[in-house]
Amino acid sequence: NILRIAHNKTGLPVVVLVDEYDSPLLNSWQTPQHEECRDIYRNVFSVLKSATDDLQFVFITGVTKFTQVSIFSALNNLTNVSFHNKYAALCGITEEELTDSLMPYVRQMAEVKGWTIEQTIAQLKSYYDGYHFTERSDVGVFNPFSLMQALDQQKFGNFWIASGATKMLPILIPNLALQVHQFDDYLIAANVLETSDVATDDAALFLYQSGYLTIKETLDGMYRLTIPNTEVSQALYEVVLPALTLRENSEIFSEQMRLRQQMIQGDVVGMENVLRSLVADVPYSNKKLSSMDMEERYRLIISSLMRVIGFRVEVERMMAKGRIDIVVWTSQIIYVMELKLTNNGGVSSAEEQIEDRAYMLPFLADGRRVMTLAIELDDNGKGVVKIQTVSDTIDDLSLTATPQVTPQVTPQVTPQVTPQVERVLQVLKEGDKSARSIMEQLELKDRRNFNENYLQPTIALGLAEMTIPDKPKSKNQSYRLT
């Protein structure tokens, strides 16, 4: 009688809002209580159907659809607006809204982080944007909860995931660990995505409906789905990592953080040691991966580790001359990785493929340091054998975007022996050094600063030279005093 009384007292029809209608259904899913829960829902919606004269409208929200369990059979006049263009931005924050209404918070964050406004917005987009809910791919939204938390706390974090958003994944998708690598680029029929519910045996449906996948583009009668952003990617792979590594995340958290730091710093030796520990024996011992070939098992485990520690990762990136196994973007370095089993040529075969197919070239315009790594893996699944740097833009000055200081460009300038040049000379007095070694001894991390203010002026003064001048791109390139 609540609806009728409210209508009679006010003279106005009632609006009923039902938020997270699916929460009890999800929590009772695949339990003996699920049928009882469905019955309660049917009764509630029957009341709404009988109260039509007292209602203005009913608005129901949730992340998953349960249409096939007939809880809505009493309400046969509902309209699903989930794929309507005019509601595409209803449940999120658009970039226009961010820049129009939240700029004071963006400026604050930029100051805290030492970034420009553009860099700050780019980072926010990378972490929390990327959701598209209709065929109009131009209408995208941020996760509102995570975006507002980040702006309020002036830091980046997995806020939505920390609220418990992943707890149902292992229950609803028991084999998620074996499927997750497919979801970066997943094709699904448009009518299936728009009309099917959670009871359908397709993990992508639940992942889309609950925010772990989003529409990347619309094709002829199909949608291409993808993981929307860094927060979601990291969360998904945290869920599946224990099933892949056969160890709980709490057991390997310290090693994960060490791996993250080493990758940010470009410490390949340290990376090799940590990966040996994390991947040791797993491809062989993990029977869940038995349907995959050995190299595919390694690729899944290593790429999952990279995602969990917060890096953008692309697996099997298509190139004109082939596919790169794994590409990883950190804040300072892009890693291009080629994996080879020992019985398939190991490091030497991976190195040859990287060089022959010029895998480094597509990433040079980015401006970050680029490292190509040949990774040899035990063919019996016992782990990482060796990681070898094939090329590194810090050592290969001919691949950097830093202009050379030449008399033709600046004929009126007389080079000076600056304090920076003197520091380089002190290092080279010890003997021949690679660019990376010089940087390490000078405790420098910004390669552009190193090239522009240290190494190039030293060479321009004629005080240092390449050890292999006829092969400037050689991975063995070093520098010596003249």
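- D378 and V385 get closest at one heavy-atom pair: N-CG2, 3.5 Å.
- A donor-acceptor contact shorter than 3.5 Å is absent between the side chain of R307 and the backbone of S233.
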Residues F183, L225; criterion side chain to side chain contact (heavy atoms under 4.5 Å, CB included); working and verdict
CA-CA 7 Å; F183 297 132; L225 305 182; over 6 Å; no

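- For the residue pair R107 and I117, the shortest heavy atom distance occurs at CG-CD1, 3.5 Å.
- With T120 contributing its side chain and V106 its backbone, the two residues share no donor-acceptor pair below 3.5 Å.
- Within a 6.0 Å sphere centred on NZ of K113, heavy atoms belonging to other residues, nucleotides or ligands number more than 12.
- Remark: the backbone N or O of Q119 is paired with a side-chain donor or acceptor of T116 at under 3.5 angstrom.
- The main-chain N or O of R323 is found under 3.5 Å from a side-chain atom of Y359 such that the two form a donor-acceptor pair.
- Within 6.0 Å of CD on E35 lie more than 12 heavy atoms contributed by other residues, nucleotides or ligands.
- A side-chain contact (heavy atoms from CB on, under 4.5 Å) with T214 holds for exactly one of N229, V232, T226; it is T226.
- Using a 4.5 Å heavy-atom threshold, the side chains of F363 and I324 count as touching.
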Dump the intermediate steps for side chain to side chain contact (heavy atoms under 4.5 Å, CB included) on E97 and F142, then the final yes or no.
CA-CA 10 Å; E97 290 168 336; F142 290 83; over 6 Å; no

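- When all heavy atoms of V328 and M306 are compared, the closest pair comes out as CG2-CG, 3.9 Å.
- A donor-acceptor contact shorter than 3.5 Å is absent between the side chain of Q332 and the backbone of R369.
- Using a 3.5 Å distance cut-off with no hydrogens or angles, the side chains of K340 and Q353 do pair a donor with an acceptor.
- A tilted orientation is assigned to the rings of Y127 and F156, their planes being inclined by 30° to 60°.
- For the atom pair Y454 OH and L444 CG, the distance stands at 4.5 Å (nearest 0.5 Å).
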Derivation and outcome, side chain to side chain contact (heavy atoms under 4.5 Å, CB included), residues V18 and T61:
CA-CA 6 Å; V18 183; T61 70; over 6 Å; no

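- Rounding to the nearest 0.5 Å gives a distance of 11.0 Å between CZ of F253 and CD1 of I309.
- The pair E295-R299 meets the salt-bridge criterion, since a charged nitrogen lies less than 4.0 angstrom from a carboxylate oxygen.
- D152 CG to F159 CZ: the interatomic distance, rounded to the nearest 0.5 Å, is 9.0 Å.
- Environment of CZ in F83: crowded, with over 12 heavy atoms of neighbouring residues, nucleotides or ligands closer than 6.0 Å.
- Below 30°, between 30° and 60°, or above 60°: for Y131 and F133 the angle between ring planes is below 30°, a parallel geometry.
- The neighbour count for E20 CD, taken as heavy atoms of other residues, nucleotides or ligands under 6.0 Å away, does not exceed 12.
- Exactly one residue among I188, I215, L187 makes a side-chain contact (heavy atoms from CB on, under 4.5 Å) with R224. That residue is L187.
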Given the rule in the side chain to side chain contact (heavy atoms under 4.5 Å, CB included) test, do R38 and L25 qualify, once you have shown the distances and angles that lead to the verdict?
CA-CA 7 Å; R38 286 163 47 187; L25 292 164; 3.9 Å; yes

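- When side chains are defined from C-beta on, D129 does not count as touching L98, because their heavy atoms never get closer than 4.5 Å.
- Within the 3.5 Å criterion, the main-chain N or O of A350 finds no donor-acceptor partner in the side chain of E338.
- Looking at S304, its side chain never comes within 3.5 Å of a backbone N or O of Y237 through a donor-acceptor pair.
- Closest approach of Y212 and P228 over heavy atoms only: O-CD, 3.3 Å.
- Here the closest heavy-atom approach between residue I354 and residue A374 is recorded as CD1-N, 4.1 Å.
- Side-chain contact between M294 and R297 is present, with at least one heavy-atom pair separated by less than 4.5 Å.
- Annotation for G92 and V141: closest pair CA-CB, 3.8 Å, computed over non-hydrogen atoms.
- Side-chain contact between V16 and L55: present, with at least one pair of heavy atoms (C-beta onward) separated by less than 4.5 Å.
- Taking 4.0 Å as the cut-off between side-chain N and carboxylate O, K125 and E118 do not count as a salt-bridged pair.
- Dense packing is recorded around CE of M222, with more than 12 heavy atoms of other residues, nucleotides or ligands lying under 6.0 Å away.
- Around atom CD of Q153, more than 12 heavy atoms belonging to other residues, nucleotides or ligands sit under 6.0 Å away.
- Side-chain contact between R312 and S126 is absent, with no heavy-atom pair separated by less than 4.5 Å.
- Listed for the R317 side chain is no donor-acceptor partner under 3.5 Å among the backbone atoms of V336.
- Within the model, atoms CG of L339 and CD1 of I326 stand 4.5 Å from one another, a figure rounded to the nearest 0.5 Å.
- Checked by atom type and distance alone, the side chain of Q154 pairs as donor or acceptor with a backbone atom of M109 at under 3.5 Å.
- Side-chain atoms of Q388 never come within 3.5 Å of backbone atoms of V347 as a donor-acceptor pair (strictly under, hydrogens ignored).
- Remark: T372 OG1 to I334 CD1 distance equals 12.0 Å, nearest 0.5 Å.
- To the nearest 0.5 Å, the span separating CE on M148 from OH on Y105 amounts to 6.5 Å.
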